[in-house]
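Along the sequence shown, the residues carry numbers beginning at 1. As the structure lists them, so they are numbered: ligands from 1, and atoms in each ligand from 1.
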Amino acid sequence: MTRSNDTIEVLNYSAGTLTYLDQTCLPSEVRYRVARTPDELVDALRRLAIRGAPLIGVAAAYGIASAARNASRMDLHAFRVYMLEVCDRIGGARPTAVNLGWAVGICRELVLRCSDPSACASALEETARRIHEDDARRCAAIGEQGAELIPPSAGIITYCNTGALATGGEGTALGVILAAHRRGKRIHVFVCETRPHLQGSRLTMWELTRRGIPATLITDGTAAVVMREGRADLVITGADRIAQNGDTANKIGTYALAVAAHHHGIPFYIAAPVSSIDFQATSGGEIPIEIRPASDITEFGGVRIAPEGVDAFAPAFDTTPAALIHAVITERGIIRPPYDETLRGLRS
Ligand code: MRU
């Protein structure tokens with residue numbers, strides 16, 4: 001079970017039904033919805049009700065298991081055709097987070113090998129639970145590895161949301177922050193609000209506040225000022241996809257943060273599970289970047305905030321060049337340049 005703390009569930013799967021915490025309602029409301037069909041899950045993923053690269057993978061696996069359970073009375077041929085189409089539909093929900101294709105790939109293999117729909121549904125349910133539990137373990141390991149890098153007293157800038165709301169466990173970048181806090185390090189987190197969907201102010205501030213971790217909300221443009229004032233010792237973010245050479249796609253604005261950190265001589269770290277590494281992509285240029293509808297930035301909460309008819313460009317992610325990344329914190333250790341060699345070592 002994914003929990004943002006001991007009482008809040010983020011995803012709950014039971015007998016063909018996937019219940020999820022609708023993150024678009026946070027922090028004002030803790031609202032649960034049910035994804036009854038693959039299309040309902042795709043809709044939840046596209047409107048960022050379920051989001052964060054590792055969590056997207058976990059949710060996809062549960063969604064495929066749910067579809068299989070609900071179709072398990074079909075004959076074998078119809079079941080297989082239907083399930084492969086479900087895998088394609090869910091796998092195509094968002095293009096950038098490699099965890100989605102990774103999880104769907106595992107499920108697709110099971111469907112291809114299926115000889116009995118009901119047994120296949122059970123295998124998919126077990127696989128989804130395993131992907132979920134594995135991610136929780138990975139988060140815990142990333143937290144412990146990354147905490148080593150945090151000085152005894154530190155100002156930390158983070159971006160977007162990389163906590164329990166974004167993963168199957170406690171989080172990646174936020175997992176490192178939590179582990180450092182647990183070890184008694186005196187940390188203060190500067191949370192960038194993360195335009196345009198405000199995952200920083202709505203979600204990360206919510207998680208940190210519930211955990212009692214000292215944090216200050218800043219606008220995205222304030223991060224460079226915090227650095228210049230000497231209040232930040234490091235920057236740590238998550239990743240949606242890491243290419244073999246270390247170029248990393250993450251929430252739009254991460255690149256600007258890395259450039260500012262470089263200018264101020266502040267280390268910039270990425271925290272991500274090995275499942276976020278795309279061993280097929282040799283560099284960031286090969287990472288597909290999701291382009292969001294113009295309304296993401298011409299409207300806010302359904303209210304128009306730009307003149308009618310303006311041209312708008314709203315990529316959901318950007319790619320930070322490897323040269324700006326001091327280290328990638330994974331569950332298997334802290335990976336440093338040259339990434340072409342060191343990341344390849346994780347492939348097995
Ligand atoms: O569009 P989102 O909210 O899914 O984007 C999330 C991010 O960019 C996170 O930083 C990334 O997925 C890492 S989550 C551990």
Side-chain angles (χ1 to χ4, degrees), residues 2 4 10-11 20-24 26 41-42 44-60 93-103 132 135-136 138-143 146 157-178 191-204 206-207 220 235-242 248-258 268-278 287-293 296-297 314-320 325 328-331:
T2 301
S4 65
V10 178
L11 290 179
Y20 64 92
L21 175 62
D22 186 338
Q23 299 190 27
T24 65
L26 288 170
L41 175 60
V42 167
L45 294 170
R46 290 205 173 130
R47 62 186 186 84
L48 310 186
I50 303 170
R51 36 115 347 249
L55 190 72
I56 290 172
V58 174
R94 295 187 76 191
T96 304
V98 73
N99 313 61
L100 176 59
W102 172 80
H132 195 169
D135 194 61
R138 287 187 172 124
C139 286
I142 288 168
I157 296 179
T158 193
Y159 202 70
C160 197
N161 172 264
T162 59
L165 293 167
T167 64
E170 277 199 332
T172 55
L174 216 59
V176 172
I177 289 169
L178 296 185
V191 178
C192 298
E193 60 177 351
T194 316
R195 280 277 297 148
H197 288 284
L198 305 182
Q199 289 94 331
S201 53
R202 293 189 304 103
L203 309 177
T204 300
W206 188 73
E207 289 200 45
D220 301 339
V235 180
I236 182 165
T237 78
D240 282 81
R241 192 184 292 233
I242 303 173
T248 296
N250 191 50
K251 180 53 56 194
I252 186 75
T254 305
Y255 172 39
L257 203 53
F268 181 90
Y269 299 115
I270 294 287
V274 172
S275 57
S276 293
I277 302 170
D278 181 350
I287 299 178
I289 298 292
E290 176 182 358
I291 304 297
R292 302 285 301 179
D296 268 27
I297 55 174
F317 302 98
D318 58 30
T319 304
T320 297
I325 299 169
V328 179
I329 304 159
T330 75
E331 70 274 26

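- Between the side chains of N99 and S276, a donor-acceptor pair is found at a separation under 3.5 Å.
- Side-chain N or O atoms of T194 include none that pairs as donor or acceptor with a backbone N or O of S201 at under 3.5 Å.
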Could you list, one pair per line, each nitrogen or oxygen of ligand 1 together with any protein nitrogen or oxygen closer than 3.5 Å, giving atom names and the distance rounded to 0.1 Å?
from, atom 1, to, atom 2, distance (Å)
ligand 1, 1 (O), R94, NH1, 3.4
ligand 1, 1 (O), R94, NH2, 2.8
ligand 1, 1 (O), K251, NZ, 2.7
ligand 1, 3 (O), R51, NE, 2.6
ligand 1, 3 (O), R51, NH2, 3.4
ligand 1, 3 (O), Q199, NE2, 2.9
ligand 1, 4 (O), G52, N, 3.0
ligand 1, 4 (O), R94, NH1, 2.8
ligand 1, 8 (O), D240, OD1, 2.8
ligand 1, 8 (O), N250, OD1, 3.3
ligand 1, 8 (O), K251, N, 3.3
ligand 1, 10 (O), N250, OD1, 2.7
ligand 1, 12 (O), A53, N, 2.8
ligand 1, 12 (O), D240, OD1, 3.1
ligand 1, 12 (O), D240, OD2, 3.1

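- Checking side-chain atoms of E331 against main-chain N and O of C139 turns up no donor-acceptor pair under 3.5 Å.
- With D318 contributing its side chain and Y255 its backbone, the two residues share a donor-acceptor pair below 3.5 Å.
- Using a 4.0 Å cut-off between charged side-chain N and carboxylate O, R195 and D220 make no salt bridge.
- For R138 (side chain) and P273 (main-chain N/O), no donor-acceptor pair under 3.5 Å exists by modelled atom type.
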